[in-house]
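Data first, discussion second: the structure below is written as structure tokens.
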Amino acid sequence: MTDKLRYAGNYRALWGEGPIFYEGKLLYVDIEGKKVISYCPESDSESILDIGERVGTVVPRASGGMVIAGDSGFRFIDAGGKLSDIGDPEQAITENRFNDGKCDPSGRFWAGTISTSRIAGTASLYRLDADLQITRQLGNVTNSNGICWSRDGGTMFYIDTPRKEIWAFDFKDATGEISNRRTIIDTSSFAGSPDGMTIDADGHLWVAFCKGFAVRAFSPTTGKQVACIDMPAFCPTAPAFGGAGYRDLYITTGQHPDDQAPGAGRLYVTRPGAIGLPATAFSG
């Protein structure tokens, strides 16, 4: 590893994903390890919660605790670690589970599903509102992945991994409506597949390329790459800004049969010279 890229904490995930920095700690999940991890930068240590099922994403809850989406749909985790069900819109689709997600600027929780059988078009993107209503926002998805919003809240960015594209939507923060889908970045020329995604204060999109040894930043205006972090792990899965001033970039990774490196599955941190934006907690 270089001076600019180092391990954060000691935990090694089977498949790390979904990092989000909130109130001084980084939350992320180990999907196949069925864990939610809370990493404290000050002590360089983790607290680990065993969920008992695959969990694709986690977000903080403004009133305390967390919200996850996984094998059993949306669920609350209270401050003591107790889980309670919210709802599962795909309970009858046994080949699907929830994957990546985040909260929009008003605190609605967006999370999408993945077809574990890789059946094209059978997954969807959902929105969990503060009143706990779950609505399907986008269909014909195969592997719902990176999602984030522009600084002004007017644009939502989204990845359905197998398409190797980054989409933009017009976003109405007052209602949570999306419209005018368009492809703004074609990533097919890069090694690997676009996975998790975050945005910096300048509007650049930072995308982990699973099976591609890299996290790349793109301009959503030109579609061109503006930065690249070479990773020692074959499968970087998602980036998130955090730390003091949101100057640190945390990167989760997964263990893959083709990657026997000891750093596979570790959480990394670096300072790429960009500044991130604060995360939003679930408002319900």
Side-chain angles (χ1 to χ4, degrees), residues 8-9 11 13-91 97-113 125-135 137 144 146-149 173 176 196 198 237-243 246 250 252 267 276-284:
Y11 184 76
L14 292 177
W15 200 263
E17 260 282 12
I20 180 170
F21 193 84
Y22 188 74
E23 294 187 343
K25 293 184 179 180
L26 186 86
L27 299 174
Y28 69 103
V29 301
D30 181 354
I31 297 176
E32 297 301 329
K34 304 176 181 179
K35 307 285 196 306
V36 170
I37 302 97
S38 176
Y39 169 70
C40 177
E42 287 188 4
S43 60
D44 192 39
S45 63
E46 304 99 348
S47 60
I48 301 168
L49 182 63
D50 191 343
I51 303 301
E53 66 176 41
R54 292 173 301 182
V55 52
T57 184
V58 60
V59 294
R61 188 182 183 190
S63 60
M66 297 173 280
V67 192
I68 60 170
D71 279 335
S72 297
F74 292 98
R75 306 177 80 185
F76 286 130
I77 305 176
D78 69 16
K82 181 181 177 181
L83 284 89
S84 57
D85 294 338
I86 300 171
D88 185 358
E90 294 193 359
Q91 186 174 6
R97 65 162 171 81
F98 270 91
N99 199 42
D100 205 0
K102 286 191 186 77
C103 291
D104 67 25
S106 288
R108 309 174 192 90
F109 185 17
W110 295 68
T113 54
L125 176 66
Y126 296 89
R127 192 186 74 210
L128 175 67
D129 291 344
D131 62 2
L132 307 188
Q133 292 297 307
I134 302 168
T135 55
Q137 297 297 306
S144 187
I147 187 169
C148 58
W149 286 262
D173 190 41
T198 191
T237 55
F241 284 97
Y246 295 93
Y250 292 94
T252 52
L267 175 67
L277 298 172
T280 305
F282 178 62
S283 60

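Nothing fancy with the numbering, it's 1 onward along the sequence.
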Please list, one pair per line, the donor and acceptor atoms closer than 3.5 Å that link side chains of residues 33-42 to other protein atoms, with sequence neighbours excluded.
unit_1: K35; atom_1: NZ; unit_2: G33; atom_2: O; d: 2.9
unit_1: Y39; atom_1: OH; unit_2: D44; atom_2: OD1; d: 2.7

**OP:** Using ring pair (Phe, Tyr, Trp, His ring centres under 6.0 Å) as the criterion, list what pairs up with F109, not counting sequence neighbours.
**Re:** F74

**OP:** Find the distance between OG (S106) and CH2 (W149) and round it off to the nearest 0.5 Å.
**Re:** 10.5 Å

**OP:** Applying side-chain contact (heavy atoms from CB on, under 4.5 Å), name anything that partners A281, two or more places apart in sequence or on another chain.
**Re:** Y22, P60, A62

Subject >> E32 side chain to L14 backbone, donor-acceptor under 3.5 Å >> reply: no

Subject >> Qualifying salt bridge (charged side-chain N to carboxylate O under 4.0 Å, His left out) pairs with a residue from residues 56-74, counting only residues at least two apart or across chains >> reply: R54-D71

Subject >> Any residue meeting side-chain contact (heavy atoms from CB on, under 4.5 Å) with S144, in chain and number order, not counting sequence neighbours >> reply: L125, V141, Y158

Original post:
Which atom pair, heavy atoms only, marks the closest approach of G196 to P239?
Top reply: O-CD, 3.4 Å

Original post:
Can you pull the salt bridge (charged side-chain N to carboxylate O under 4.0 Å, His left out) pairs that have at least one residue in residues 18-31, sequence neighbours excluded?
Top reply: none

Subject >> Within-4.5 Å side-chain heavy-atom neighbours: W110 and D104 >> reply: yes

**OP:** Step by step, work out the side chain to side chain contact (heavy atoms under 4.5 Å, CB included) result for L26 and L267.
**Re:** CA-CA 10 Å; L26 186 86; L267 175 67; 3.7 Å; yes

Original post:
So which pairs with a foot in residues 74-90 pass salt bridge (charged side-chain N to carboxylate O under 4.0 Å, His left out), sequence neighbours left out?
Top reply: E53-R75, R75-D85

**OP:** Using the test side-chain hydrogen bond (donor to acceptor under 3.5 Å, both in side chains), find all partners of S45 that sit at least two apart in sequence or belong to another chain.
**Re:** S43

**OP:** Would you sort out whether T198 and Y250 count as a side chain to side chain contact (heavy atoms under 4.5 Å, CB included), showing the intermediate values?
**Re:** CA-CA 11 Å; T198 191; Y250 292 94; over 6 Å; no

**OP:** Under the salt bridge (Lys or Arg N to Asp or Glu O under 4.0 Å) rule, collect the residues that match up with D129, sequence neighbours excluded.
**Re:** R127

**OP:** Determine, stepwise, if the pair I86 / F76 fulfils side chain to side chain contact (heavy atoms under 4.5 Å, CB included).
**Re:** CA-CA 7 Å; I86 300 171; F76 286 130; 3.7 Å; yes

**OP:** For T252, check side-chain hydrogen bond (donor to acceptor under 3.5 Å, both in side chains) against everything at least two apart and list the hits.
**Re:** T237

**OP:** Only pairs at least two apart or in different chains count here, so list each ring pair (Phe, Tyr, Trp, His ring centres under 6.0 Å) that has a residue in residues 46-72.
**Re:** none

**OP:** Would you please name every residue forming a side-chain hydrogen bond (donor to acceptor under 3.5 Å, both in side chains) with T135, sequence neighbours left out?
**Re:** Q137

